[in-house]
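Let me begin by presenting the structure, written as structure tokens, before commenting on it.
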Amino acid sequence: MGAARVTLDAEHVIVGAGCAGLSLAVRLAMRTPRERGRVLVIDPREELGGDRTWCMFRGAPHPFERAITHRWDRWRVIAGGRVIERSVPGRPYEHVDSTRFFEEAIARVETSEGVRLERGVRADAIVDEGAQVRIETGGGTLRARIAWDARGGGPDERPREDDVRWIQHFVGWVVRTERAIFEPGIATLMDFSVSQSRGPHFVYVLPYAANEALVEDTYFGDVPLAVAEYERGIREWLDAHHAGGVEIVRRERGQIPMSTAQITPRRDPRIVPIGLRAGSAKPSSGYAFAFIQRHVEALAARVDRGETVPPEVAVRSPITTFYDRVFLAYLRRHPTSAPEVFGSLFARTSPERLVRFLSEEGGVGDHLAVMNAVPRLAVMAEIARSRGLWMGR
Ligand SMILES: Cc1cc2nc3c(=O)[nH]c(=O)nc-3n(C[C@H](O)[C@H](O)[C@H](O)COP(=O)(O)OP(=O)(O)OC[C@H]3O[C@@H](n4cnc5c(N)ncnc54)[C@H](O)[C@@H]3O)c2cc1C
């Protein structure tokens with residue numbers, strides 16, 4: 001006797017309508033809108049809107065080009081009294097406005113035959129039942145062939161003693177200042193002229209106009225601080241730059257995983273993590289947007305090819321993971337060296353190589369050049385010490 005046939009609510013349920021969930025939904029909508037209701041996206045939020053800024057160096061085109069609102073052809077790092085300015089023709093630093101991203105993504109989803117978005121729906125449990133997935137929500141049970149877990153946060157990990165499990169934690173203000181203190185043509189990726197007493201700490205500045213910018217007080221470390229601590233950092237930086245009166249236009253706050261721990265292999269073939277859940281944040285930098293786009297593009301292509309259960313698709317290669325590990329392990333061991341290490345990285349590495357490294361497009365030559373920023377003996381020592389990180393996994 002055959003098993004009873006169960007009616008599916010959708011072929012694919014995407015759990016979470018954030019950056020990764022909507023990026024995948026848009027791609028599925030663009031590719032094969034074969035049947036109405038083929039893809040269902042759920043999210044507990046009623047209002048899906050922008051509360052953050054996504055920046056990265058120009059890379060492969062993505063479906064959200066119209067959400068790019070600013071480009072900086074030059075960028076700088078300020079470290080150890082040095083101001084290092086760089087640019088790479090054709091690779092500006094780009095800013096995706098998350099409000100526009102959501103408008104664009106939701107418009108595409110809502111005009112698509114195949115994709116449906118339901119707000120105010122939280123997944124309480126996602127269970128792989130073998131032939132299908134069951135998703136428990138406050139409003140009832142959903143069944144699908146595949147569940148894409150895009151709930152954000154971080155991946156399930158198998159940490160070892162010598163893994164670094166930091167977070168990049170920050171608060172940012174978009175400010176309008178009385179005095180014109182910003183240079184609109186140049187983004188400040190890291191200004192280390194702030195106290196390093198709590199570990200790597202810098203200010204990130206994205207100028208939108210001579211008197212308007214996002215100013216972010218950022219740390220790498222184990223635990224976040226009280227909001228007032230970052231806000232004091234932003235105020236002190238603005239005062240040091242003689243901003244005069246300050247109007248706060250918008251605030252953002254974030255914690256992005258910077259972890260060298262191995263991600264637990266997928267246990268449930270029909271539950272596929274994407275976004276931060278899949279480990280998309282680059283351990284040494286916290287950048288995730290571009291890696292999310294690359295990962296969901298690869299997965300959507302597999303779905304398009306008719307693969308019924310998408311295979312494990314790695315977010316990053318073992319070699320980039322390895323260099324990120326060495327880099328982060330060194331920083332953890334020498335936390336006050338961050339200004340020197342990043343200063344040396346930006347001063348000594350060709351900007352083309354560095355952009356490729358940060359965008360995870362580089363080859364061995366790029367990785368070795370980046371490692372030159374860390375004293376060679378220390379790298380060798382770190383590699384030896386870190387062998388538990390890359391052997392016997
Ligand atoms: C303030 C901030 C600034 C950042 N800036 C950059 C940057 O400049 N460059 C960069 O590359 N990266 C940046 N990042 C990192 C990264 O790109 C973002 O965090 C990105 O939003 C991660 O995408 P995601 O889809 O994994 O998670 P999210 O975008 O957080 O989406 C998760 C979604 O899941 C939903 N959800 C949660 N629980 C459930 C549930 N039980 N059921 C259903 N849905 C659920 C949430 O409501 C949310 O909509 C930033 C992060 C933050 C927080």
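A quick note: this is a predicted structure, and the numbers were derived from the prediction, not measured. Ligands are counted one by one from 1 in listed order, and the atoms in each one are counted from 1 as well.
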How does Ser280 reach ligand 1, if at all, at less than 4.0 Å between non-hydrogen atoms: by side chain, backbone, both, or neither? neither
Pick one of side chain, backbone, both or neither for how Glu252 approaches ligand 1, counting any non-hydrogen atom pair under 4.0 Å. side chain
Indicate the ring-plane relationship of Phe220 and Phe202, choosing parallel, tilted or perpendicular according to the 30° and 60° boundaries. perpendicular
Taking Tyr230 for its side chain and Leu225 for its backbone only, find out whether a donor-acceptor pair lies under 3.5 Å. yes
Tell me whether the rings of His62 and Phe289 are parallel (<30°), tilted (30 to 60°) or perpendicular (>60°). perpendicular
Does ligand 1 have any atom that is closer than 4.0 Å to a heavy atom of His95? no
Any cation-pi pair here, Arg316 with Phe291, using under 6.0 Å and within 45°? yes
Give a yes/no verdict on whether any heavy atom in Phe291 is under 4.0 Å from an atom of ligand 1. no
If we check side-chain hydrogen bond (donor to acceptor under 3.5 Å, both in side chains) with Ser284, which of these qualifies: Thr260, Asp324, Thr321? Asp324
Run the salt-bridge test on Glu129 and Arg270 with the 4.0 Å N-O cut-off and return the result as yes or no. no
Within the 4.0 Å heavy-atom cut-off, what Thr53 brings close to ligand 1 is backbone
Within reach of ligand 1, part of Ala281 (heavy-atom separation under 4.0 Å): neither
Where's the contact between Leu276 and ligand 1, heavy-atom distance under 4.0 Å: side chain, backbone, both or neither? both
Consider only side-chain N and O atoms of His201 and Asp217, and report whether a donor and an acceptor are under 3.5 Å apart. yes
So if I count the atoms of ligand 1 from 1 in the order they appear, which ones are less than 4.0 Å from some heavy atom of Tyr287? 9 (N), 10 (C), 11 (O)
Check this for me - ligand 1, Arg45, N or O atoms closer than 3.5 angstrom, yes or no? yes
Looking at ligand 1, does Met56 have a heavy atom less than 4.0 Å from it? no
